> 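My questions all concern the structure below.
Atom set for the values below is all heavy atoms of this structure, side chains included, hydrogens, waters and symmetry mates excluded. In this chain, numbering begins with 1 at the start of the sequence shown. None of the values given here were measured: they were computed from a predicted structure.
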Amino acid sequence: MLDLSVLMAERVGFVIILAFLLVNIPYFRKLLFHRSFSSAVQLILIFSLFAILTDLTGIELDPNNVIQNQSLLTHVPSTYSVVNARILSVTVAGIIGGPWVGSTVGLIAGSFRVLQGGLAQQAWFYVPSSVLIGIASGLLYKNRRTSFATMTASKAFFVGLSMELVQMVFILLFSPTGWKLVRVIAIPMTIISSIGTSIFISIITMYLRQEQETKATQTQSVLQLASETLPYFRNGLTMKSAQQIVKIIKEHTNFDAISITNREIILAHIGAASDHHIAGKTLVTQLSQSVITSGKVQVARTAKAIGCAHPDCPLEAAVVVPLSAHHEIVGTLKMYYVDSWRLTPVEIQLAMGLGEIFAGQIRLGEAEKQATLLRNAEIKSLQAQVNPHFFFNAINTISALSRFDVDQARQLLLQLATYFRANLLGARATQITLDAEIKQVQAYLELEQARFPHRYQVNFEIAVDRNALVPPFSIQVLVENAIKHGFEGRKSGNVVTVIVTREQDRLVIRVQDNGRGIAPAIQEKLGREVINSSRGNGTAFYNLNQRLVGLYDQHSRLQVQSGNAGTVVATSIPFQTKEQNNESIDR
């Protein structure tokens, strides 16, 4: 039994090595959580190959249970038995792929085992036993998103042990040698295969956890950088702001040097090669020129590829990301290593993510400058309502989520980007499409509801063409007002309904809530003067009302109806679509 255990451990070790190699392939890791027919077929092929290999490399026993010396079992005499790790492969296939994948792999593995014996009748039971094991292991962990990825080594061991015991029962019931064979193979196969199942699953789950932790750490770093660099980018891409930005990036990353340039000169450089990469000088690397010309991210893994003309430049690897604004490359973000091996895909993705965020911050800064230059007081006033606390609260919420739900954190980052884009659009235009306004509101709501799950329910009843034009922030301000003031102190049962209809040649917007209502004394002043409160400075509602009247007419003024059980705020503006507006401009 000792010799059999050692040989069995060797076979299982071979499977574990293959598992380790397999999990390092990114494409395989993607298959683990895809639920399409194509991904299931690919998992079946992969684990069927595993199972067939375990059949081919099994340990052959003669009728007296004596080990035979044969390295590759292409044919097994009908009276001989095989000790192998087939059940390990079928069990893991079921755990990872579910019952359909597990049973199919079991069918293929069992059928191959029968073929090894030349279709010997006494080996037929390996087919139903393998199929049953594939189904059972799949049903135990059919919800792969919540169970497989968090499966512990001990759970995997007991699942593997249970499946091996099922196989032993089949051998006892249907094998001609029954108990004679089971008493020799039971302990080596059940214990070692179960350990192998545990190690196999542990390798995969450990790698996935490390990958998620890396993503979470990276997301948190990006969020921290975004938060700290925003005030500087709002001042524009200047030498002064760039000096502060590179310091922040260097502090939060492990790069050896960081540079920011515009199209002609180095704005700031910190770290290695600071002696010749000097702020104020013209660009010294060919790589930067290439990025500015092409507008694409460039990665260099040699000093020659970087193209620095200085003979003693220590920089050997770089990722250079274009910074764009208004469809034009305005500069580059450059991140360097002095050892090329340190530049991994993780660092490249980090640099690309930072480039996207910084480009957005640059656009935000330019939009604010443009608003100032145009001296559009009403737009500036509405922009001021974008509470800076909202941004930092959103950053903190996403940062917290990144530790345990990376997918939701990533989704909220996209909504935050949508929210910022909408604010930028609102700063440049007096009217935007209803669709754009609704998307901004939905982005705001998703970020707000991430902080306070299930506290608010917001319904949209849109009965008009979404290309209809509305002033920016017209719905956003009303929804935000309802949430902030209508439900103060109430944690559930809060409903806001946004209704947009057309009445003849007017577009009617109604935002109603089931909140606590507005006192009559305050209701009379709404829209006519600024009303201070404990939850805001009261200018948003006033500015929106003034803007509606200024853009259209007195009939567009905000109308408020409120009682003890809710409030309705409505406005009626001239109906106009984006196409109609373009036609009037052409005329």
Side-chain angles (χ1 to χ4, degrees), residues 221-222 225-226 228-338 340 342-343 347-367 369:
S221 297
V222 169
L225 281 168
E228 294 187 20
T229 56
L230 179 62
Y232 300 106
F233 275 116
R234 291 179 69 175
N235 295 326
L237 194 60
T238 65
M239 195 173 294
K240 184 178 180 181
S241 63
Q243 293 286 348
Q244 297 299 321
I245 291 164
V246 295
K247 289 179 183 178
I248 295 170
I249 299 173
K250 185 71 166 59
E251 181 182 346
H252 289 282
T253 65
N254 64 352
F255 285 94
D256 294 320
I258 307 291
S259 284
I260 290 180
T261 77
N262 59 19
R263 294 181 64 90
E264 294 84 24
I265 66 170
I266 299 170
L267 296 176
H269 182 98
I270 189 172
S274 296
D275 58 328
H276 57 280
H277 290 253
I278 301 171
K281 289 195 172 183
T282 57
L283 301 181
V284 296
T285 65
Q286 298 172 3
L287 196 61
S288 301
Q289 297 287 359
S290 175
V291 171
I292 290 171
T293 302
S294 66
K296 297 180 179 179
V297 176
Q298 299 281 351
V299 177
R301 300 186 183 276
T302 64
K304 183 178 180 181
I306 293 174
C308 180
H310 196 280
D312 299 321
C313 185
L315 304 176
E316 292 187 357
V319 53
V320 184
V321 181
L323 300 176
S324 62
H326 309 301
H327 308 291
E328 181 184 4
I329 305 303
V330 297
T332 65
L333 168 66
K334 304 193 291 183
M335 310 175 86
Y336 295 102
Y337 280 121
V338 296
S340 59
R342 294 174 62 194
L343 184 59
E347 280 73 30
I348 295 172
Q349 289 295 322
L350 173 62
M352 293 172 65
L354 288 176
E356 288 289 333
I357 289 176
F358 292 165
Q361 291 178 337
I362 291 170
R363 289 192 289 270
L364 178 62
E366 289 187 354
K369 280 189 174 182

> Check each of R263, Q298, K334 against S288 using the side-chain hydrogen bond (donor to acceptor under 3.5 Å, both in side chains) test, and report the only one that passes.
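Looking at R263, Q298, K334, the match for S288 under the side-chain hydrogen bond (donor to acceptor under 3.5 Å, both in side chains) is K334.
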> Of the non-hydrogen atoms in A359 and L323, which two are nearest, and what is the gap between them?
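Smallest interatomic distance, heavy atoms only, reads N-CD2, 4.4 Å.
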> Say you draw a straight line from OG1 of T261 to CD of Q289; how long is it, rounded to the nearest 0.5 Å?
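The OG1 atom of T261 sits 8.5 Å away from the CD atom of Q289.
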> Using a cut-off of 6.0 Å, state whether more than 12 heavy atoms not belonging to Q286 lie near its atom CD.
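No, CD of Q286 has 12 or fewer neighbouring heavy atoms, counting only those of other groups under 6.0 Å.
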> Report the residues that fulfil salt bridge (Lys or Arg N to Asp or Glu O under 4.0 Å) with R342, sequence neighbours left out, ordered by chain and then residue number.
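Salt bridge (Lys or Arg N to Asp or Glu O under 4.0 Å) list for R342, sorted by chain: D256.
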> With side-chain contact (heavy atoms from CB on, under 4.5 Å) as the test, pick out the partner of L283 among N262, I292, V291, I265.
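The side-chain contact (heavy atoms from CB on, under 4.5 Å) with L283 is passed solely by I292 among N262, I292, V291, I265.
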> Distance from I258 atom CD1 to I270 atom CD1, nearest 0.5 Å?
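Nearest 0.5 Å value for the CD1-CD1 distance: 8.5 Å.
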> To the nearest 0.5 Å, how far apart are CE in M335 and CG in N254?
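One finds 8.5 Å between CE of M335 and CG of N254.
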> Measuring from H310:NE2 to L315:CG, what's the distance to the nearest 0.5 Å?
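Those atoms lie 11.0 Å apart.
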> Side chains of C313 and H277: does their closest heavy-atom pair fall under 4.5 Å?
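Heavy-atom side-chain distance check passes, below 4.5 Å.
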> Evaluate the criterion side chain to side chain contact (heavy atoms under 4.5 Å, CB included) for residue pair E316 and V338; output intermediate values, then yes/no.
CA-CA 5 Å; E316 292 187 357; V338 296; 5.7 Å; no
> With a 4.5 Å heavy-atom cut-off, do F358 and V321 have their side chains touching?
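No. Closest side-chain heavy atoms not under 4.5 Å.
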> Kindly compute the distance separating NZ (K281) from CG (L267), expressed to the nearest 0.5 Å.
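It is 15.0 Å, given to the nearest 0.5 Å.
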> List the steps and the verdict of side chain to side chain contact (heavy atoms under 4.5 Å, CB included) for L333 and I249.
CA-CA 10 Å; L333 168 66; I249 299 173; 3.9 Å; yes
> If I compare all heavy atoms of A317 with all of S340, which pair ends up nearest, and what's the gap?
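Smallest heavy-atom distance, with atoms named: CB-CA, 3.6 Å.
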> Around atom CD of E356, are there more than 12 heavy atoms of other residues, nucleotides or ligands at under 6.0 Å?
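12 or below, so no.
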> Taking all non-hydrogen atoms of both residues into account, name the closest pair between A273 and P314 and its distance.
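Smallest interatomic distance, heavy atoms only, reads CB-CD, 3.9 Å.
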> Is any side-chain heavy atom of V330 closer than 4.5 Å to one of S324?
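Side chain of S324 against side chain of V330, heavy atoms only: no contact under 4.5 Å found.
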> For the residue pair Y336 and H269, does the interplanar ring angle fall in the parallel (under 30°), tilted (30 to 60°) or perpendicular (over 60°) class?
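Taking H269 first and then Y336, their aromatic rings sit tilted (interplane angle of 30° to 60°).
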> Could you grab the distance from atom CD1 of I278 to atom OG of S259, nearest 0.5 Å is fine?
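Here the rounded value is 11.5 Å.
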